[in-house]
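Below: the structure, in structure tokens.
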Amino acid sequence: MAYWLMKTEPEAFSLDDLQARGQEPWDGIRNYQARNFLRSMQPGDGIFIYHSRVAVPGIVGMAEVVSSAHPDPTQFDPRSHYYDSGSSLDKPRWDLVDVAYRSSFTQCISLDSLRNMPEFADSPLVRKGNRLSILPITESQWQHVLSLVDDGRQ
DNA sequence: GCCAACGTTGGC
DNA sequence: GCCAACGTTGGC
């Protein structure tokens with residue numbers, strides 16, 4: 001059992017969209033470090049969903065990994081924005097996992113507040129210029145955020 | 001919308 | 001294998 005944080009731009013795909021669909025293949029990851037994290041995910045792992053490129057970026061709710069990593073089909077589709085001509089069916093370069101909606105926080109745990117939590121002092125999440133869209137969350141980070149939303153979780 | 005920070009690409 | 005140029009991310 002491990003914990004992760006996944007960023008999304010709500011304008012493209014929000015936590016509400018995930019809630020509406022129930023479950024979604026998390027495609028389009030095109031960064032090797034993020035892909036390697038995808039590959040180490042297991043069904044049952046917890047996920048914080050983070051909204052980026054908004055007025056108040058932060059953790060907005062929770063999801064769960066419901067599949068292990070498998071090839072991202074968009075890499076093979078020339079019409080896809082995520083097409084990768086350097087990838088092939090027998091040697092796929094990019095993977096995805098399926099993600100299921102779990103809950104929405106009544107209140108966003110903002111990046112600003114995360115910066116003030118000792119638990120997140122060493123997290124790449126709060127480092128300037130960080131561009132990792134998937135990153136591991138420690139047990140203490142997970143528990144701490146949960147403790148802040150315990151009475152506010154929907 | 002701007003732009004700093006970063007990862008990737010490709011010429012050499 | 002270096003590194004400039006480029007494209008993208010994401011806070012602001």
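All chains are named by letter (A, B, ...) in the order of the sequence lines, taking the proteins before the strands, and each is independently numbered beginning at 1. Just so you know, these numbers use all the heavy atoms, side chains as well, and skip hydrogens, waters and symmetry mates.
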Quick test of your reading of the model: are R30(A) and D72(A) salt-bridged, counting only N-O distances below 4.0 Å? yes
Sorted by chain and number, sequence neighbours left out, ring pair (Phe, Tyr, Trp, His ring centres under 6.0 Å) with F48(A) holds for W142(A)
Name every residue in residues 76-86 of chain A that has at least one heavy atom under 4.0 Å from any atom of DNA chain B, in order of residue number, or write none if there are no such residues. none
Any donor-acceptor N or O pair under 3.5 Å, side chains D98(A), W26(A): no
Keeping R102(A) on the side-chain end and M62(A) on the backbone end, is there a donor-acceptor pair under 3.5 Å? no
Taking N or O atoms only and anything under 3.5 Å, show me the protein contacts with nucleotides 2-4 of chain B, one pair per line.
from: dC2(B); atom 1: N4; to: R53(A); atom 2: NH2; distance (Å): 3.0

Reference residue D95(A); test side-chain hydrogen bond (donor to acceptor under 3.5 Å, both in side chains); the match among H70(A), Q75(A), R39(A): R39(A)
Report, as a single string ordered 5' to 3', how protein heavy atoms within less than 4.0 Å touch nucleotides 7-12 of chain B: B base, S sugar-phosphate only, - not at all. SS----
Distance alone, cut at 3.5 Å: any donor-acceptor contact between the side chains of S52(A) and E9(A)? no
Can you sort out the partners of D122(A) under side chain to side chain contact (heavy atoms under 4.5 Å, CB included), two or more places apart, ordered by chain and number? none
For the side chain of K7(A) and the backbone of L132(A), is there at least one donor-acceptor N/O pair under 3.5 Å apart? yes
Does S88(A) use its side chain to pair, donor to acceptor, with the backbone of K91(A) at less than 3.5 Å? yes
For F120(A), give me all partners under ring pair (Phe, Tyr, Trp, His ring centres under 6.0 Å), at least two apart in sequence or on another chain. none
